[in-house]
Amino acid sequence: MTQIDNMEKCSECSGRNVRENEIGELECQDCGLIMGMTIDMGKDNRVFADGSGAEGERWGQPKTELLHDGGLTTDMAPALRDGTGAALSPSQRRKYNRLRRQHQRTRIRDAKERNLVTALNELDRLAGQMSLPRSIREDAARIYKQAVYKKLVRGRSIEGVVAACIHASCRMNHMARTLDEIGMHSRTGRKEIGRTFKKVMKELQIRIYPAPPSEYVPRFCSHLQLDAVTEGMAKSILGRNEINGLSAGRGPTGIAAAAVYLSARINGIVRTQREVSLAAGVTEVTIRNRYKEICSALAINPDTPQPPQ
DNA sequence: AAGACGAAAGTGGTTGA
DNA sequence: TCAACAACTTTCGTCTT
């Protein structure tokens, strides 16, 4: 581990003890905050057409967290001829193939890397089923790698930890997904994912605040096929100061669902409480209760709702 | 008949002693 | 560890459109 720059200051605790860890991240040694990755500032000689590589060009995909070795690996091509173009003798060919096999084996050095190969496959599968963008997958993979290095996967299922990392990454990227949604696509249940999520966040000292209800609005609206005006109004309702007091201790999905329901009613669009409850994963009773609370907080008549002043 | 409403009982998670 | 508690769910009967 090398000290990168003693002028680098942690944005969380203001400590100056920021170093590069074993997976290339800038990590504050005092509070554990990950401040970013180290960047190679050297020139980038990429091959754009028919390059032989003789001039020192680089090629291949950019570094990715989604492969256990970052995608930065070398491969020995199958070869039938030597450097001069002459055919290899059978014994030379056997020797080459043996070397090639050994080389491939070195790509997975130990149990940690084997774990990562399985986990990153699962991560990609789960994120794919949930149609999550690449940035979320990369962040989830980064968190997972930290969890492996801190030995948090021991005694837990790989699937559970992967699901927890995806949940964390979604929350960090303001695309919150509920534990139920993730649980639907994972072999691990909601309970287990939630427990693992808490443990991993605590051990890695990652602080994630509760998702604001407005983060759920776009998805609920798209499930319910509501227009942008209705979605915008639901968000603006949730953005009002009066609503802040309602969210303490309450599930954000229930509040978001009620705001969407209210917004649809104001705009004269008929969506039953049942439909909204299915889209949001909460019951009609919860929507009714939050609906009444929002209406009274904003002084809206619940029977004939009008846009708030 | 479908949807909304509200009461009551049950469930699972959190908190504080 | 356990009891108390708040939030939420489930169920069911009644009311409204």
Side-chain angles (χ1 to χ4, degrees), chain A residues 152 155-157 159-161 163-168 170-172 176-217 219-221 223-227 230 233-234 237-238 240-308:
Chain A
L152 298 175
R156 297 188 176 81
S157 71
E159 283 113 331
V161 181
C165 292
I166 286 185
H167 180 63
C170 287
R171 297 266 296 266
M172 285 160 76
R177 295 287 183 275
T178 60
L179 294 172
D180 275 320
E181 285 172 279
I182 298 173
M184 264 191 327
H185 301 288
S186 172
R187 253 175 293 178
T188 325
R190 186 188 81 125
K191 238 166 130 182
E192 175 71 20
I193 299 172
R195 250 205 311 268
T196 310
F197 168 74
K198 265 189 200 166
K199 179 73 180 171
V200 170
M201 293 302 101
K202 190 178 166 205
E203 292 295 325
L204 298 182
Q205 298 183 15
I206 299 174
R207 224 182 298 156
I208 293 183
Y209 295 100
S214 56
E215 260 180 47
Y216 295 96
V217 168
R219 220 147 23 83
F220 294 171
C221 286
H223 273 166
L224 292 163
Q225 297 180 315
L226 295 170
D227 56 27
T230 310
M233 184 177 286
I237 288 168
L238 292 171
R240 310 261 306 206
N241 280 335
E242 296 94 319
I243 303 299
N244 284 343
L246 298 181
S247 41
R250 265 70 182 273
T253 46
I255 299 173
V260 168
Y261 179 68
L262 170 61
S263 173
R265 279 191 75 164
I266 290 173
N267 288 298
I269 302 166
V270 179
R271 291 289 182 277
T272 63
Q273 294 180 351
R274 176 99 193 112
E275 288 172 314
V276 180
S277 78
L278 282 174
V282 294
T283 63
E284 297 145 79
V285 182
T286 304
I287 293 177
R288 282 200 285 274
N289 292 337
R290 295 299 95 77
Y291 176 74
K292 273 190 289 181
E293 288 164 7
I294 292 176
C295 284
S296 79
L298 297 178
I300 292 173
N301 180 351
D303 299 321
T304 54
Q306 297 296 317

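Every chain is numbered from 1 and lettered A, B, ... according to where its sequence line falls, protein lines coming before strand lines.
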Of all the choices, B:dG6, C:dT10, B:dG3, which nucleotide is nearest to the side chain of A:K292 once you look at every atom?
B:dG6
Touch class at under 4.0 angstrom, heavy-atom based, for A:G254 against every strand present:
nothing
Using a cut-off of strictly less than 4.0 Å, decide whether A:Y261 has a side-chain nitrogen or oxygen near OP1 or OP2 of B:dA4.
yes
d(CD, A:Q273; P, B:dC5) in whole Å:
5 Å
Side-chain contact check for A:V285: nearest option of C:dC8, B:dG13, C:dT11 is C:dT11
State plainly whether the residues A:R171 and A:E215 are in salt-bridge range, i.e. N to O under 4.0 Å.
no
Considering only heavy side-chain atoms of A:R290, the closest of C:dC8, B:dT14, B:dC5 is C:dC8
Per A:R250 side chain, nearest of listed nucleotides C:dC8, B:dG13, B:dA4
C:dC8
Using a strict 4.0 Å threshold on nitrogen-to-oxygen distance, state whether A:R219 and A:E181 make a salt bridge.
yes
For the student: nearest non-hydrogen atoms of A:I287 and A:A258, plus distance:
O-CB, 3.9 Å
What's the CD-C1' distance between A:E293 and C:dA7, to the nearest Å?
10 Å
Within this structure, what is the CG-to-P distance between A:D180 and B:dG12, rounded to whole angstrom?
13 Å
The side chain of A:T272 lies closest to which of these nucleotides: B:dG3, C:dT10, B:dC5?
B:dG3
How long is the line joining CD of A:E284 and C1' of C:dT11, in whole Å?
12 Å
Write down the partner of B:dG6 under the Watson-Crick or G-U wobble criteria, each distance required to be under 3.5 Å.
C:dC12
Send over the distance from A:I287 CD1 to B:dA4 P, rounded to a whole Å.
10 Å
Worked check of side-chain contact (heavy atoms from CB on, under 4.5 Å) between A:R250 and A:E293
CA-CA 12 Å; A:R250 265 70 182 273; A:E293 288 164 7; 3.2 Å; yes
Show your working on side-chain contact (heavy atoms from CB on, under 4.5 Å) between A:R290 and A:Y261 and close with a plain yes or no.
CA-CA 10 Å; A:R290 295 299 95 77; A:Y261 179 68; over 6 Å; no
What integer distance in Å separates A:L278:CG from B:dA4:C1'?
15 Å
Could you state the atom-to-atom distance from OH of A:Y291 to P of B:dG6 in whole Å?
11 Å
5'-most contact on DNA chain B: A:R274 or A:K191, nearest heavy atom basis?
A:R274
Take atom CZ of A:R288 and atom P of C:dT11, then tell me their distance rounded to the nearest Å.
14 Å
